[in-house]
Amino acid sequence: MQSGFQPARQIERSRLKPPKPFVMGIKAALPKYELYFYNTVLCLAMLWAASWIFEVSSSNANRKAFKASVKPGYFGRKMDTADFEWMMWFSTFREHILFALSGHVLFAKIGTMLAPQYRSLVYMVYGLLAVWTSMGWTYVSLMLSHCILLYSISLVKIRWLCFVAGLCTLATFKCEPFVSWQAGFVEGDFELRHVLFYGGCGFTIMRCMSFALENCERKDGNYSILELLKYNFYLPFFYFGPIMTFDKFYGQVNKSDLTRKEREMWNISLQGLIYLAVIVTVDVLFHFMYFLTIPTDIKLLKYLSDWALVGLAYVNLVYDWVKAAVMFGVINTVSRLDHLDPPKPPKCITMLYVFSETHFDRGINEWLCKYVYDYLGGKHESVVEELVATLCTYGVTILWLGPCEVVLFWAFFNCFGLNFELWTAKVFSMEPFASFEMAMSEAMSRRIRAIFNTFNFWCIVLYNLMALNSLSFVKLVAKRLLLKGFPITTVIVMFVTYCLVQVIKERERRQALIDDPDPLPPAPPLNAATATGPPADAPQAVADPSKEKAE
């Protein structure tokens with residue numbers, strides 16, 4: 001796969017999120033003592049799995065297979081440095097990245113104060129200079145050539161032509177010999193050059209496609225090429241994303257009202273401090289649990305306990321979410337200072353038990369849904385339309401990530417899981433299943449659904465674990481969980497997962513009550529004495545002015 005990012009790390013950020021096909025009883029409540037029991041079991045299981053990972057890490061810190069990725073750190077302990085992206089962002093190149101983002105914040109603030117109507121132009125000029133300084137004029141020329149090409153095609157205003165041209169252009173950065181030919185234009189031995197090259201190229205093409213498709217939708221005239229350059233060379237989004245569709249960026253960056261909401265700056269500062277605390281916490285954990293290096297040693301994995309293997313599988317996915325949330329969170333914090341509303345942070349893997357919610361990068365997810373998935377799938381109720389929409393969406397995703405064996409496996413299983421959920425929902429909405437569910441209580445319906453969601457949760461974990469690690473690790477985890485560990489390990493793990501799903505459902509129930517509160521009960525009817533007045537023929541008492549005033 002031709003990409004500056006590790007395929008596994010990009011894959012986890014590219015899942016689409018359609019609406020849930022069938023949701024019932026989301027506000028169904030369970031007894032408090034039952035929820036307390038689920039939370040207790042879940043906490044104990046997490047601590048138990050973490051203790052196994054800590055024990056394996058401590059006893060194998062000097063293992064020969066660990067020398068390449070477990071290196072001396074702080075606290076007199078060795079540190080897990082297996083994740084290239086984390087080390088690149090927060091250790092090796094943090095000074096370069098912080099310097100570039102700090103310069104953007106400074107110049108953006110000055111430009112906003114002096115000439116707020118030209119602030120988008122200031123963003124573009126600084127972004128161009130920063131890209132030029134880091135990658136050279138040949139790289140800037142290459143990006144400009146792609147922008148001009150797709151802009152020229154967008155003037156025709158033929159949607160399918162813009163889409164095909166964008167995909168062909170994207171393929172030139174994913175397939176040989178076009179990749180090597182274009183990479184040859186960029187000179188220099190800057191250590192970060194390889195990553196920045198592919199990151200900037202891939203996101204540039206996706207932004208140009210968004211611009212071209214939005215230009216096709218515009219009825220009166222065309223957007224100018226200057227708007228495309230402002231959109232593409234906005235530095236915080238240029239190399240690493242997230243992707244914000246052109247219509248949203250254009251509307252927000254040209255907004256005249258730049259006043260902030262109450263406590264908005266306080267919230268932005270608080271988010272920055274939270275991300276800093278998370279970075280420190282993860283770095284500390286790297287010294288005590290080598291959960292990224294252990295899965296690479298198959299010989300060691302064969303001797304681990306079932307709990308250690310299951311814990312490793314789960315922690316790997318949680319860590320990848322944390323990394324994505326922090327990386328995008330830092331960038332989003334900068335963009336919020338520029339009065340933009342970037343895509344929301346990714347949803348935690350712990351909160352996912354349906355394929356229709358498994359997405360990490362909401363920017364790519366919104367891009368895919370707007371231009372491919374929703375455009376082809378309509379209301380997502382027809383099985384055939386849904387199948388066509390998902391196949392086309394994952395086809396674009398495969399090209400975006402770069403075709404390779406791991407990407408193809410990942411796309412196939414997730415595409416199947418997404419469609420299987422719709423098929424299952426269609427079947428269980430028919431008779432006699434619908435009558436059975438209507439006859440039972442909402443709490444019992446929630447429990448039964450949680451059982452099915454438990455197996456779904458582990459399908460999501462295993463399908464996406466192959467992208468983060470290796471097929472051999474996934475096979476080993478699946479064999480221990482379903483075959484060698486059956487029935488004891490299987491039943492215990494599934495029961496703990498069931499508790500997790502119920503905790504997630506309870507959180508969703510509370511959020512649903514906030515978003516859509518239940519209507520208040522009708523007011524009690526007035527009693528007869530107050531509801532009925534005196535008879536029409538009854539003599540009216542003469543009002544005493546003094547009493548009326550007192551009353």
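Atoms considered below: every heavy atom in the structure, side chains included; atoms not considered: hydrogens, waters and symmetry mates.
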Provide the closest heavy-atom pair for L235 versus G127 in the form atom of the first, atom of the second, distance.
CB-CA, 4.1 Å
Between Q502 and L35 (side chain of the first, backbone of the second, donor and acceptor by atom type, cut-off under 3.5 Å), is there such a pair?
no
Over 60° means perpendicular and under 30° means parallel, so tell me whether H104 and Y234 are parallel, tilted or perpendicular.
perpendicular
Close aromatic pair by centroid cut-off 6.0 Å: Y394 and W400:
no
One should read off an interatomic distance between K174 NZ and I205 CD1, to the nearest 0.5 angstrom, of 10.0 Å
Salt bridge E506-R446, side-chain N to carboxylate O under 4.0 Å
yes
Parallel, tilted or perpendicular for F173 and H146, by the 30°/60° rule?
tilted
Parallel, tilted or perpendicular: which one describes the rings of F246 and Y223, with boundaries at 30° and 60°?
perpendicular
Angle class for the W86/F90 ring planes (parallel below 30°, perpendicular above 60°, tilted otherwise)?
tilted
Distance (rounded to the nearest 0.5 Å) between C147 SG and Y231 OH:
11.0 Å
Under 4.0 Å between a Lys/Arg side-chain N and an Asp/Glu carboxylate O for R509 and E442?
no
Give a yes or no answer on whether the side chain of N267 reaches the backbone of R263 with a donor-acceptor pair at less than 3.5 Å.
yes
Pair Y239-S134, side chain to side chain donor-acceptor pair (under 3.5 Å): steps then yes or no:
CA-CA 11 Å; Y239 285 119; S134 58; 2.9 Å; yes
If you round to the nearest 0.5 Å, how far is CG of L422 from CG of L418?
8.0 Å
Please find out if less than 6.0 Å separates the ring center of F237 from that of F249.
no
Heavy-atom donor-acceptor pair, D80 side chain to V70 backbone, under 3.5 Å:
no
d(M289 CE, S51 OG) to nearest 0.5 Å is 10.0 Å
Return yes when atom CD of Q117 has more than 12 non-hydrogen atoms of other residues, nucleotides or ligands closer than 6.0 Å, and no otherwise.
yes
CG (L229) and CZ (F211) are apart, to the nearest 0.5 Å, by 8.5 Å
Using the ring centroid of each side chain, check whether Y139 and W132 are separated by less than 6.0 Å.
no
Salt-bridge present (R119, D338; N to O < 4.0 Å)
no
In terms of side-chain geometry, is the basic nitrogen of E227 or K230 positioned less than 4.0 Å from the acidic oxygen of its partner?
yes
Ring-plane angle category for Y498 and Y38, please: parallel below 30°, perpendicular beyond 60°, tilted otherwise.
perpendicular
Side-chain ion pair, R159 and E214, N-O less than 4.0 Å
no
Would you say the side-chain atoms of N215 pair up with the backbone N or O of S154, donor to acceptor, closer than 3.5 Å?
yes
Rounding to 0.5 Å, atoms OH (Y463) and CH2 (W410) come to a distance of 13.5 Å
Determine, using ring centers only, whether Y319 and F291 are less than 6.0 Å apart.
yes
Test side-chain contact (heavy atoms from CB on, under 4.5 Å), reference F233, set L129, L144, V125, output is L144
Verdict with supporting geometry, K248 and E366, salt bridge (charged side-chain N to carboxylate O under 4.0 Å, His left out)
CA-CA 11 Å; K248 291 185 177 180; E366 291 175 2; 3.3 Å; yes
